[in-house]
Amino acid sequence: MKTTSFSTTFMPVRLLPQLRLLSTSLPATHFPPMKFAPTLSSSRAVPILSRVFPLRLRYMGLGFRRSLQTERAFSTRAFRGPRTGSGSELPRGYERRAGGASKSLIEDEAELSDWVSELRSDSPRGREDELEGRRGRVRERGTDREPYPIKKSRRESDSGDFGESRRRDFRSPNQSFTRNGGISKRFDNKSEGDKKDRPFPPRNNRGNSNSSGEFGDSSRRRFPNPNESFSRNSGISKRFDNKFQSDDDKEDGLFPRRNNRGNSNLKADSFTRNGGVEGLRRGGRETGKTLRVMDDTEEEEEKPTGFRIEDLLSEEESDTAISDDDGYGVLREKSATSLFGSDNEVTVKVLPKSSPGSSDSYLSESRFDQCSVSPLSLKGIKDAGYEKMTVVQEATLPVILKGKDVLAKAKTGTGKTVAFLLPSIEVVVKSPPITRDQKRPPILVLVICPTRELASQASAEANKLLKYHPSIGVQVVIGGTRLALEQKRIQANPCQILVATPGRLKDHIENTAGFATRLMGVKVLVLDEADHLLDMGFRKDIERIISAVPKQRQTLLFSATVPEEVRQICHIALKRDHEYINTVQEGSEETHAQVRQTHLVAPLDKHFSQVYALLKEHIADDVEYKVLVFCTTAMVTRLVADLLGELNLNVREIHSRKPQSYRTRVSDEFRKSKGLILVTSDVSARGVDYPDVTLVIQVGVPADRQQYIHRLGRTGRKGKEGQGILLLAPWEEFFLSAIKDLPITKGSVPSVDPDTTKKVERALSKVEMKNKEAAYQAWLGYYNSNKKVGRDKHRLVELANEFSRSMGLDNPPAIPKLVLGKMGLKNVPGLRSK
Ligand SMILES: Nc1ncnc2c1ncn2[C@@H]1O[C@H](COP(=O)(O)OP(=O)(O)OP(=O)(O)O)[C@@H](O)[C@H]1O
């Protein structure tokens with residue numbers, strides 16, 4: 001039995017697995033006390049078990065359906081149920097996710113307006129984008145035409161903005177390069193031309209990659225997928241799909257966000273981001289025309305293809321088994337194959353429940369120098385100011401260092417980035433060094449992040465840890481920057497660690513000479529915000545990226561939220577015998593206890609003044625205020641930022657319509673600042689590590705429960721205190737059922753005196769009309785895609801017009817007929833068309 005120096009210890013227990021799994025009273029080997037109770041599991045045991053002991057499993061409350069039963073299987077309490085008689089009771093954290101607002105992620109309809117204008121214009125090339133910061137393009141493609149760029153986009157150079165790339169001397173003093181060694185050999189010996197190196201055909205009709213960078217059309221390249229036949233219509237639909245789910249921009253009006261449950265709200269007649277796509281895909285052949293809205297600043301992801309997670313699952317895959325509990329909160333499933341295959345050993349991780357009050361402590365008692373990482377990494381860790389491991393680091397590090405695939409869940413702001421970077425760096429340390437004369441040095445670690453900010457942040461963190469590893473390089477490739485510049489940069493500074501957003505990574509695979517070959521060296525693949533990356537919006541991209549890296553690799557999936565749906569499909573990326581490490585303790589919520597959460601319900605027409613009053617109140621309370629205000633779409637974000645600016649608050653805005661250079665600048669400023677309000681779309685919802693955020697306000701219903709948790713997670717990081725306020729209209733209260741297990745209470749709406757109301761009205765009157773129009777259209781698109789609100793179109797329009805009045809408009813802005821048609825809102829009374 002191997003013991004580690006961590007308090008987290010893995011104990012192989014040699015027992016007949018059936019007995020071990022079914023008898024909680026069987027004595028297990030002694031386990032040292034543990035500080036917390038991560039949940040470990042993998043995904044394939046119950047099918048076998050259910051065949052062998054169907055009645056027993058039923059008795060234990062382990063049904064044959066996935067989801068709830070699966071979660072129960074991992075719950076200590078559920079396991080003990082039969083013995084204690086309380087087996088049906090689930091700890092709060094294990095309850096089925098309630099309700100579920102539709103995941104309505106949306107893009108900006110302003111683009112559609114422009115598109116419509118462009119359609120009307122004589123020139124097929126259209127015109128330059130007139131909206132500030134908007135580099136979106138809109139495309140039309142009929143069955144008889146090739147796609148063409150309607151607008152040429154502006155692009156910013158990225159290299160200056162993201163200085164994380166490291167030029168390194170790749171000849172490590174400690175490491176001698178051997179040509180024969182593993183991957184290096186493969187790469188060294190490779191002498192074929194670029195074309196041969198590419199697993200995918202090069203772009204066909206855009207000439208060089210530079211021009212593709214300029215026009216951003218590289219994103220539309222498709223990977224040849226053996227399962228798909230490319231037809232003109234279907235091809236363009238796919239590409240249309242691909243584009244929309246950029247996480248950077250998903251927040252932005254008109255199209256709904258991906259829906260975990262298979263976009264059940266999508267209809268062919270509603271032009272929503274998913275729905276539009278789906279509708280167009282299904283109905284597009286009839287019309288013979290497909291729309292494409294582009295934004296060069298986005299990562300280029302695919303749209304959901306409309307399949308349901310359930311469709312991906314066989315019944316076997318959906319079921320799971322528990323291994324043990326024994327009163328500690330253990331949990332580990334063993335894959336069915338290893339349970340009854342050659343590996344008849346059940347390894348059980350037994351961890352005691354934490355002492356009261358410690359559940360939210362993010363640091364563990366283990367120090368980094370207790371674990372077997374290289375001395376140079378330890379020096380880097382020390383310089384970064386880290387001494388003790390966080391709970392998730394302590395729980396995952398030993399497992400990852402052993403080479404296991406891991407799916408890890410840990411609360412926001414608890415150090416997941418270091419948890420996956422550190423062991424990944426160790427893999428590089430142990431690999432043969434690359435040398436300057438290597439034409440295509442292998443990328444050994446590939447980290448995928450859903451947004452550019454997150455990718456840049458992860459690469460910055462990697463650089464901190466690599467301080468004393470001069471021979472290891474990290475590079476970041478993200479959307480919104482010139483592909484050609486990035487190509488030059490990654491060629492000039494070869495790296496072993498690459499951090500990327502999905503769309504841009506695909507771009508490089510398809511268009512950067514030798515890049516695909518370099519990816520064949522990947523030993524560790526990391527998906528940060530894994531649930532998001534495996535969700536509909538990114539799924540296709542991720543699958544294709546996975547197909548571009550070797551099968552023989554280690555895969556690490558990290559997130560603060562791991563919905564059951566994601567558990568069920570994570571085998572897309574992970575080996576069957578992966579470990580699921582859940583550091584969110586049994587009985588503990590997914591949010592931090594030290595973050596005070598309240599929801600306020602106020603009529604829509606009061607929201608602007610309420611936000612102002614809340615901010616004033618908070619600023620008065622805390623001079624060191626640092627506030628994030630999340631809005632539903634990019635255009636609504638711009639409107640709210642304009643308004644708060646007019647009200648003389650110290651405000652910045654960040655959303656997908658802003659150029660990347662601006663986003664980077666604002667993000668950096670906010671990171672360092674105090675006394676600042678950042679009004680933001682969901683580009684800031686996940687992962688972004690702004691220290692000391694004092695308050696997060698969410699205005700309007702979030703896309704889903706996960707998004708609520710991640711947005712809230714921008715405060716209360718590293719054990720700090722924080723506050724979260726969710727401001728809803730009465731008709732948005734349905735969302736509360738989706739978060740009812742979280743410690744959120746009803747707050748009292750601040751009173752707004754008549755003077756303040758007038759002040760807000762005056763400020764609103766100064767906001768540019770075009771911004772109000774864009775916000776109206778975006779608002780309508782967002783809620784149209786919401787499963788609940790968008791169901792009744794008449795009511796939806798009433799509400800949109802209420803929103804319009806709240807902006808001080810007597811009449812709702814007119815919307816292009818075509819857009820209304822695509823939204824499924826033609827002839828709905830109350831809408832004005834143009
Ligand atoms: N061992 C450690 N000790 C102290 N601070 C740490 C340690 N590890 C990471 N941190 C810091 O904790 C903060 C949060 O880390 P990180 O951004 O990785 O959190 P996260 O869990 O990924 O959050 P999210 O779920 O929001 O993405 C960062 O500022 C990071 O530098």
Side-chain angles (χ1 to χ4, degrees), residues 6 35 38 247 360-371 373 377-378 380-397 406-425 447-451 453-467 499 526-533 556-562 581-584 590-592 595 626 628 630 667-668 670-672 680 682-693 696 706-720 722 724:
F6 298 100
K35 185 172 172 294
D247 197 48
D360 235 59
S361 158
Y362 83 107
L363 283 177
S364 73
E365 286 307 314
S366 305
R367 294 192 318 273
F368 282 104
D369 59 16
Q370 290 175 282
C371 67
V373 295
S377 293
L378 283 178
I381 287 164
K382 199 171 167 209
D383 278 18
Y386 311 146
E387 187 196 347
K388 286 180 174 172
M389 284 185 258
T390 66
V391 167
V392 64
Q393 289 158 5
E394 185 198 49
T396 55
L397 207 57
V406 164
L407 165 63
K409 174 176 166 182
K411 291 185 188 182
T412 51
T414 57
K416 290 187 285 294
T417 316
V418 170
F420 62 70
L421 282 178
L422 182 58
S424 301
I425 288 169
V447 179
I448 319 260
C449 301
T451 64
E453 278 78 10
L454 208 41
S456 303
Q457 191 178 288
S459 124
E461 186 79 62
N463 272 313
K464 274 201 243 169
L465 302 181
L466 288 170
K467 186 169 174 188
V499 187
V526 180
L527 304 188
D528 192 12
E529 307 296 339
D531 58 326
H532 199 25
L533 290 176
L556 311 174
L557 270 48
F558 277 74
S559 185
T561 48
V562 182
I581 300 178
N582 179 2
T583 66
V584 181
E590 287 166 290
T591 52
H592 292 288
V595 175
K626 187 165 175 174
L628 278 162
F630 281 98
S667 181
D668 286 348
F670 190 67
R671 185 169 281 114
K672 292 172 198 148
T680 182
D682 276 340
V683 293
S684 311
R686 281 180 177 251
V688 194
D689 187 42
Y690 295 128
D692 305 319
V693 170
V696 168
Q706 282 77 38
Q707 209 67 357
Y708 171 82
I709 292 171
H710 284 275
R711 284 163 153 199
L712 182 79
R714 297 319 96 204
T715 186
R717 297 175 79 73
K718 296 176 74 172
K720 300 224 168 97

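One-based numbering, in listed order, for ligands and for the atoms of each.
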Closer than 4.0 Å to some heavy atom of [X] - which atoms of ligand 1 meet that?
X      : answer
Thr417 : 16 (P), 17 (O), 18 (O), 22 (O)
Phe368 : 1 (N)
Thr390 : 1 (N), 2 (C), 7 (C), 8 (N)
Lys388 : 1 (N), 2 (C), 3 (N)
Arg714 : 26 (O)
Thr414 : 19 (O), 20 (P), 21 (O)
Lys718 : 5 (N), 11 (C), 12 (O), 13 (C), 29 (O)
Glu529 : 27 (O)

Kindly compute the distance separating NZ (Lys672) from OH (Tyr690), expressed to the nearest 0.5 Å.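 Rounded to the nearest 0.5 Å, the NZ-OH separation comes out at 11.5 Å.
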
Gap separating the NZ atom of Lys416 from the CD atom of Glu461, nearest 0.5 angstrom: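 With rounding to 0.5 Å, NZ (Lys416) is 12.5 Å from CD (Glu461).
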
Of the backbone atoms (N, CA, C, O) and the side-chain heavy atoms from C-beta on, which set of Tyr362 has a member under 4.0 Å from an atom of ligand 1: side chain, backbone, both, or neither?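 Side chain only.
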
Considering only heavy atoms, does Asp689 approach ligand 1 within less than 4.0 Å through its side chain, its backbone, both, or neither?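 For Asp689, the contact with ligand 1 is made by the side chain alone.
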
Decide whether Gln707 and Asp682 meet the rule of one side-chain donor and one side-chain acceptor closer than 3.5 Å.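 Looking only at side-chain atoms, Asp682 and Gln707 do form a donor-acceptor pair, the distance falling under 3.5 Å.
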
Pick from His710, Lys411, His532: which one makes a side chain to side chain donor-acceptor pair (under 3.5 Å) with Thr561?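 By the side chain to side chain donor-acceptor pair (under 3.5 Å) criterion, Thr561 pairs with just one of His710, Lys411, His532: His710.
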
Full working for side-chain contact (heavy atoms from CB on, under 4.5 Å) between Val499 and Cys449: CA-CA 7 Å; Val499 187; Cys449 301; 4.0 Å; yes

Going by heavy-atom distance to atom 26 (O) of ligand 1, choose the closest among His710, Lys720, Arg717.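 Residue with the shortest heavy-atom distance to the ligand atom: Arg717.
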
How are the rings of Phe368 and Tyr386 set to each other: parallel, tilted or perpendicular (split at 30° and 60°)?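 It falls in the tilted class, 30° to 60°.
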
In terms of residue, atom name and distance, what is the protein heavy atom nearest to [atom]?
atom                    : value
atom 27 (O) of ligand 1 : Gly687 CA, 3.1 Å
atom 23 (O) of ligand 1 : Gly413 N, 2.7 Å
atom 8 (N) of ligand 1  : Gln393 NE2, 2.8 Å
atom 10 (N) of ligand 1 : Tyr386 CE2, 3.6 Å
atom 21 (O) of ligand 1 : Lys416 NZ, 2.8 Å

Flag the pair Lys720 and Asp692 as a salt bridge only when some basic side-chain nitrogen lies within less than 4.0 angstrom of an acidic carboxylate oxygen.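 A salt bridge links Lys720 with Asp692.
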
Is any NZ, NE, NH1 or NH2 atom of the basic residue among Lys388 and Asp369 found under 4.0 Å from an Asp or Glu carboxylate oxygen of the other?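 Judged by the 4.0 Å cut-off on N to carboxylate O distance, Lys388 and Asp369 do not form a salt bridge.
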
So for [X], does at least one of its heavy atoms come nearer than 4.0 angstrom to any atom of ligand 1?
X      : answer
Arg686 : no
Leu363 : yes
Phe558 : no

Among Glu590, Arg711, Arg714, Arg686, find the residue that satisfies the side-chain contact (heavy atoms from CB on, under 4.5 Å) test when tested with Thr412.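 Going through the options one by one, the only one that passes is Arg714.
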
Residue among Leu378, Ile381, Asp383, Thr417 satisfying side-chain contact (heavy atoms from CB on, under 4.5 Å) with Leu465: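 Testing Leu465 for a side-chain contact (heavy atoms from CB on, under 4.5 Å) against Leu378, Ile381, Asp383, Thr417 leaves exactly one candidate, Ile381.
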
Give yes or no for whether the N/O distance cutoff of 3.5 Å, strictly under, is met between Glu387 and ligand 1.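 No, Glu387 has no N/O under 3.5 Å of an N/O on ligand 1.
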
Decide whether an N or O pair under 3.5 Å exists between Gly415 and ligand 1.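 Such a contact does occur with ligand 1.
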
Is the Lys NZ or Arg CZ of Lys409 less than 6.0 Å from the centre of Phe558's six-membered ring, within 45° of the axis?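 No, Lys409 does not sit over the ring of Phe558.
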
Check the pair Thr414 / Val391 against side-chain contact (heavy atoms from CB on, under 4.5 Å), numbers first and verdict last. CA-CA 7 Å; Thr414 57; Val391 167; over 6 Å; no

